[in-house]
Amino acid sequence: MAAKNETTNPGDIYAGIPTAYRPDAQQVAAADGERGRSGTNEKGGSKRNLRYPEAPAPLPVAVVDNHTHLDFLDGEVRVEAADALAAAAAVGVKGLIQVGCDVESSEYAVKAANDFPNVLAAVAIHPNDAARLAERGALEEAIARIEQLAADDRVRAIGETGLDYFRTGEEGHAAQEHSFREHLRIAVEQGKALQIHDRDAHDDVVRILKDSPLPRRVVFHCFSGGAELARICNDNGWYMSFAGTVTFKNWPNASYMIPYTVRFMAETRGADLAEFCAQLEANTREVYGAF
Ligand SMILES: [Zn+2]
Ligand SMILES: [Zn+2]
């Protein structure tokens, strides 16, 4: 497959941005019948800057993006998986874990992981989707499909599952807990890692983890707790995964931007960048296995 990483015009304010993420590519997509990606959009009443930053300098040791949604549109433009992977590889992000949130995106994750040697999959019903599905009586069927998908060798994690009290009100909490426990069971039975989505629900996530059989590897994706939860994770050998949110609030993200996050984390810890990358890579391999 051809990587579309042509260089850009000198003086261009988008110089260095991988072609697939550039506004001109987005206009081509718009001409093809897809809606173009505008500079900003309104979401929740606030304007958001949707422009992708230019590509960072490559990392000295290649790492893996542990949590991505290649199939999500943030704004209105679809970036092809092959383009996203090529842009990431060019800056030392050699692979990624594609994460499912519902049946459709989990099926996509399994397909992508089988299509691309540098993609592995995680499958699950996201807690917010679990609450919505339960309302229509469709949750059990969806979990059963996730259980089938999980059997694929390219699926290395069950996730993202957990609890989200930020977007789901109290009426949906019981369904989220039930779904979380079912996903835990699947992870244990099939020997997969667990990727937890925990938003404003630390106490209940920990309560459920403490009274359930657990898979060997448990990851809090996009860790949002404080020192207390970090201590609990460390005491129990659970991984904390830090995401782009350590450097931005709510801007669009992409695998090729991981070097920004990794450099920021290494600097904050006063760590040698190459050693830090090597440790991230070792952790990734420990949790998800070899590609
Ligand atoms: Zn996610
Ligand atoms: Zn999440």
Side-chain angles (χ1 to χ4, degrees), residues 64 66-71 96-114 119-165 168 172-199 201-202 204-223 233 236-241 283-291:
V64 167
N66 279 219
H67 185 105
T68 199
H69 302 282
L70 289 171
D71 50 334
L96 55 84
I97 313 294
Q98 170 67 22
V99 177
C101 292
D102 55 17
V103 167
E104 189 188 5
S105 60
S106 294
E107 286 172 345
Y108 171 78
V110 175
K111 181 178 183 324
N114 281 279
V119 174
L120 292 172
V123 296
I125 305 298
H126 190 285
N128 292 325
D129 290 86
R132 276 193 290 271
L133 287 167
E135 256 176 47
R136 328 199 294 261
L139 179 58
E140 299 310 323
E141 190 189 342
I143 291 171
R145 178 64 181 140
I146 295 300
E147 187 162 10
Q148 283 176 340
L149 290 170
D152 192 293
D153 178 55
R154 301 292 289 169
V155 174
R156 302 294 171 79
I158 303 302
E160 50 187 298
T161 180
L163 304 175
D164 188 323
Y165 294 173
T168 295
H173 290 185
Q176 288 192 343
E177 176 162 346
H178 169 71
S179 179
F180 187 24
R181 289 184 185 280
E182 280 291 279
H183 283 81
L184 265 165
R185 176 186 61 76
I186 295 168
V188 169
E189 287 178 5
Q190 302 206 21
K192 311 283 177 172
L194 186 75
Q195 267 207 19
I196 296 171
H197 171 102
D198 159 28
R199 192 149 184 206
H202 309 322
D204 282 350
V205 166
V206 170
R207 170 177 59 79
I208 292 164
L209 290 176
K210 291 268 189 172
D211 71 12
S212 311
L214 295 182
R216 194 163 61 79
R217 294 141 305 167
V218 171
V219 181
F220 279 66
H221 116 78
C222 198
F223 183 82
C233 288
N236 288 279
W238 302 334
Y239 289 82
M240 290 161 272
S241 180
N283 291 350
T284 299
R285 186 172 277 260
E286 168 65 20
V287 173
Y288 302 105
F291 277 71

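Just so you know, these numbers use all the heavy atoms, side chains as well, and skip hydrogens, waters and symmetry mates.
- A salt bridge links D211 with R181: the distance from a Lys NZ or Arg NE/NH1/NH2 to an Asp or Glu carboxylate oxygen falls below 4.0 Å.
- Looking at F220 and V205, their side chains come closer than 4.5 Å, going by heavy atoms from C-beta outward.
- In this structure, L70 and L96 have side chains that are in contact, with non-hydrogen atoms separated by less than 4.5 Å.
- D71 and S105 are not linked by any side-chain donor-acceptor pair at a separation below 3.5 angstrom, with hydrogens and angles left out of the test.
- Listed for the Q176 side chain is a donor-acceptor partner under 3.5 Å among the backbone atoms of P127.
- Atom OH of Y165 is separated from atom CG of D204 by 3.5 Å, given to the nearest 0.5 angstrom.
- Considering all non-hydrogen atoms of both residues, F223 and M240 come closest at CD1-CG, 3.4 Å.
- Within the 4.5 Å cutoff, no side-chain heavy atoms of L163 are placed close to those of H202.
- Between L194 and V188 there is no side-chain heavy-atom pair separated by less than 4.5 Å.
- Applying the salt bridge (Lys or Arg N to Asp or Glu O under 4.0 Å) test to pairs two or more places apart or on separate chains, those with a residue in residues 134-145 are E107-R145.
- No donor-acceptor contact under 3.5 angstrom links the side chains of T161 and Q195, judged on distance only.
- Ring geometry for H221 against H67 counts as parallel: the plane angle stays under 30°, on a 0 to 90° scale with 60° as the upper cut.
- Counting only heavy atoms from C-beta outward, the side chains of E147 and R185 approach each other to under 4.5 Å.
- Residue L184 holds its CG atom at 10.5 Å from CD of E177, rounded to the nearest 0.5 Å.
- Considering every non-hydrogen atom in both S106 and G100, the closest pair reads OG-CA, 3.6 Å.
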Check against side-chain hydrogen bond (donor to acceptor under 3.5 Å, both in side chains), N66 and S241: CA-CA 8 Å; N66 279 219; S241 180; 5.2 Å; no
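- When only modelled atom types and interatomic distance are considered, H183 and E160 share no side-chain donor-acceptor pair under 3.5 Å.
- Separating the CD1 atom in I186 from the CD atom in Q148 is a distance of 10.5 Å, to the nearest 0.5 Å.
- Distance CD1/I158 to CD1/I196: 12.5 Å, rounded to 0.5 Å.
- The shortest side-chain heavy-atom distance between W238 and L209 falls under the 4.5 Å cut-off.
- Annotation for V119 and R154: closest pair O-NH2, 2.8 Å, computed over non-hydrogen atoms.
- Summarising the geometry of V155 relative to A150, their closest heavy-atom pair is CB-O, 3.8 Å, with the distance given to 0.1 Å.
- A heavy-atom distance below 4.5 Å is not found between the side chains of K111 and N114.
- Between the side chains of D164 and H197, a donor-acceptor pair is found at a separation under 3.5 Å.
- A pairwise comparison of heavy atoms in R156 and Y288 identifies NH1-O, 2.9 Å as the closest pair.
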Could you please spell out the steps behind the side-chain contact (heavy atoms from CB on, under 4.5 Å) verdict for V218 and Y239? CA-CA 6 Å; V218 171; Y239 289 82; over 6 Å; no
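- For E104, the CD atom counts as loosely surrounded, since its 6.0 Å shell holds 12 or fewer non-hydrogen atoms of other residues, nucleotides or ligands.
- Side chain of S179 to backbone of A175: no donor-acceptor contact under 3.5 angstrom is found.
- The minimum heavy-atom distance linking I125 with A130 is given by the pair CG2-N, 3.6 Å.
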